[in-house]
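This report refers to the structure that appears directly beneath it.
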Protein chains: 2
Amino acid sequence: MIRVMLVDDHPVVREGLRSLLDAEPDIEVVGECGDAASAAATAAATRPDLVLMDLRMPGRDGVAATADVLAACSTRVVVLTTYDHDGDVLRAVEAGASGYLLKDTPRAGLVEGVRAAARGETVLAPAAAATLAGAVRRPAPPTLTPREHDVLRAVARGLSNPEIARELRIGEATVKSHLLRVFEKLQVSDRTAAVTAAIARGILPTPRL
Amino acid sequence: MIRVMLVDDHPVVREGLRSLLDAEPDIEVVGECGDAASAAATAAATRPDLVLMDLRMPGRDGVAATADVLAACSTRVVVLTTYDHDGDVLRAVEAGASGYLLKDTPRAGLVEGVRAAARGETVLAPAAAATLAGAVRRPAPPTLTPREHDVLRAVARGLSNPEIARELRIGEATVKSHLLRVFEKLQVSDRTAAVTAAIARGILPTPRL
DNA sequence: GGCCGCCTCCACCGGTCGGTGGAGGCGGCG
DNA sequence: CGCCGCCTCCACCGACCGGTGGAGGCGGCC
């Protein structure tokens, strides 16, 4: 019997997974949890063989929750999310996820994925597999320093270099230095492309109204 | 008996909604559909009282599907989606949706929402209601002309004005004219802020890797 | 026909931006 | 201690950008 625990902030999704998995003779849902913060505690209490983890939750820390769960008890974590944001796949696997499935997987694929992960296999959706393959080909995951981050965030708000310099209490020359290094790291040549590239890679959050 | 049809590309979500709604004595799920394209045809065939419609689907045209369904048969459409992107709410309601609920609604709220919508009420999640209220306060929904859209998309890719002029086969002066009007409409004063503002309002898609 | 919105284009200006090619200080690590 | 990464700053350049204040053409709508 494979003991599964669900972490997802959407009751509808938990309900769907539960009915789908409980219909299988060899799978049992032993717990569920609606937020990332209490995932580790729930896992420690229910000691599942496998945790199905949503990535996007209030506080948006499915990745952190994955790390917490793995630190709290010996189990496997399979990420089950809606979109295949490339950045998410990388961060999830870095955090120790044993699999990355999308919610539009047909039910047979989901069930088989759960069994495969419980057997110890790493189960990846095709898009996620492609992303990981691409990531190892390119051994340069662009990591920005805190200051570079600050400058880029300000740029995304539409501030000019002099304005950024005032806001961060540094010289305009310094702003330019940081920005040039950001361009280099993101492989772009102007501030606007830097912002979109950063959003695409999850370095900056998707802007909201 | 309230006859409900489900439109969502995720089998898991459909499964969850079906088991949740079928548990109610006065609700019956009479059809489901995994893509926006065939939603109208399915609705015409099953003639539901209510359609629960996901907004984000392959082809991302839940709004268009809402309009199609309403054109194809007399029913009500309630949008049931994951995030409360402000732009989505506005477009969905414009397309004729009778409600806008989020997937993190507790199951009791969902069921009550379905009943209320079937009674003819307009059912809005709190966040969606706030957005609509804000929208009527501000009677300027920034609509870009096709050409302005073209220019803005090019800007988001990091192209300079001369490059955009070459790509669109127009003069650089024309590019600037379009851009200035975009700035005005989006209430910003530079290209980078224009791109983030456009992404925030759903005018431009969230950039992907 | 008249009006209006959209697209197109022009010349000119000052400020900003991307880029070069440096430099020094400071903290951590082996 | 020396090395390295990060942060800070400088001067200078040419290109580009935002903004002004125009203009004409074209199509749809009343």
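What you are looking at is a predicted structure, and each value in this text was computed from that prediction instead of being measured. Protein chains get the first letters and strands the later ones, always in sequence-line order, with residue 1 at the start of each. These values consider heavy atoms only, across backbone and side chains, with no hydrogens, waters or symmetry-generated copies.
Taking atom NE2 on A:His149 and atom C1' on D:dC6, their separation rounds to 16 Å, with Å as the unit. Rounded to whole Å, the distance from CD on A:Glu184 to P on C:dG18 is 14 Å. The interatomic distance linking B:Glu148 (CD) with C:dT8 (C1') rounds to 13 Å, in whole Å. Rounded to whole Å, the distance from CD on A:Glu172 to P on C:dT16 is 7 Å. When the C1' atom of D:dC26 is taken as reference, atom CZ of B:Arg147 falls 15 Å away, rounded to whole Å. Here the P atom of nucleotide C:dC7 and the CG atom of B:Asp150 are 9 Å apart, to the nearest Å.
Contact annotation: the side chain of B:Arg107 never approaches that of B:Leu21 to less than 4.5 Å [non-hydrogen atoms, C-beta and beyond]. The shortest distance between side-chain heavy atoms of A:Glu32 and A:Arg18 falls below 4.5 Å.
For the residue pair A:Thr192 / B:Thr192, a side-chain donor-acceptor distance below 3.5 Å is found, with atom types taken as modelled.
Annotation: side chain to side chain contact (heavy atoms under 4.5 Å, CB included) contacts of B:Ala118 (sequence neighbours excluded): B:Ile2. The side chain to side chain contact (heavy atoms under 4.5 Å, CB included) check on A:Thr174 picks up A:Ile170, A:His178, with sequence neighbours excluded. Residues meeting the side chain to side chain contact (heavy atoms under 4.5 Å, CB included) test with A:Glu172, sequence neighbours left out: A:Asn161, A:Pro162, A:Ala165, A:Lys176. In this structure, B:Arg169 has no salt bridge (charged side-chain N to carboxylate O under 4.0 Å, His left out) partners at least two apart in sequence or on a different chain. Annotation: salt bridge (charged side-chain N to carboxylate O under 4.0 Å, His left out) contacts of B:Glu121 (sequence neighbours excluded): B:Arg119. Residues forming a side chain to side chain contact (heavy atoms under 4.5 Å, CB included) with B:Ser98 (at least two apart in sequence, or on another chain): B:Arg76. Under the salt bridge (charged side-chain N to carboxylate O under 4.0 Å, His left out) criterion, A:Arg181 pairs with A:Glu148, sequence neighbours left out.
Shown here is A:Glu112, whose CD atom has more than 12 heavy atoms of other residues, nucleotides or ligands within 6.0 Å. A 6.0 Å sphere centred on CD of A:Glu184 holds no more than 12 heavy atoms belonging to other residues, nucleotides or ligands.
For the helix from C:dG1-D:dC30 to C:dG30-D:dC1, the terminal axes (five pairs an end, C1' atoms, rotation from four pairs onto the next four) enclose an angle of 50°, given to 10 degrees.
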Give every donor-acceptor pair under 3.5 Å between a side-chain atom in residues 41-51 of chain B and any protein atom, sequence neighbours left out.
{"unit_1": "B:Thr42", "atom_1": "OG1", "unit_2": "B:Ser38", "atom_2": "O", "d": "2.8"}
{"unit_1": "B:Thr46", "atom_1": "OG1", "unit_2": "B:Thr42", "atom_2": "O", "d": "2.9"}
{"unit_1": "B:Asp49", "atom_1": "OD2", "unit_2": "B:Arg3", "atom_2": "N", "d": "2.8"}

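Taking a 4.0 Å limit (strictly below) on heavy-atom distances, residues 154-171 of chain B reaches DNA chain C at B:Ile170, B:Gly171. For the segment residues 173-182 of chain A, residues with any heavy atom less than 4.0 angstrom from an atom of DNA chain C are, sorted by number, A:Lys176, A:Leu180. The stretch residues 186-195 of chain B touches DNA chain D through B:Ser189, B:Asp190, B:Arg191, each having a heavy atom within less than 4.0 Å of the strand.
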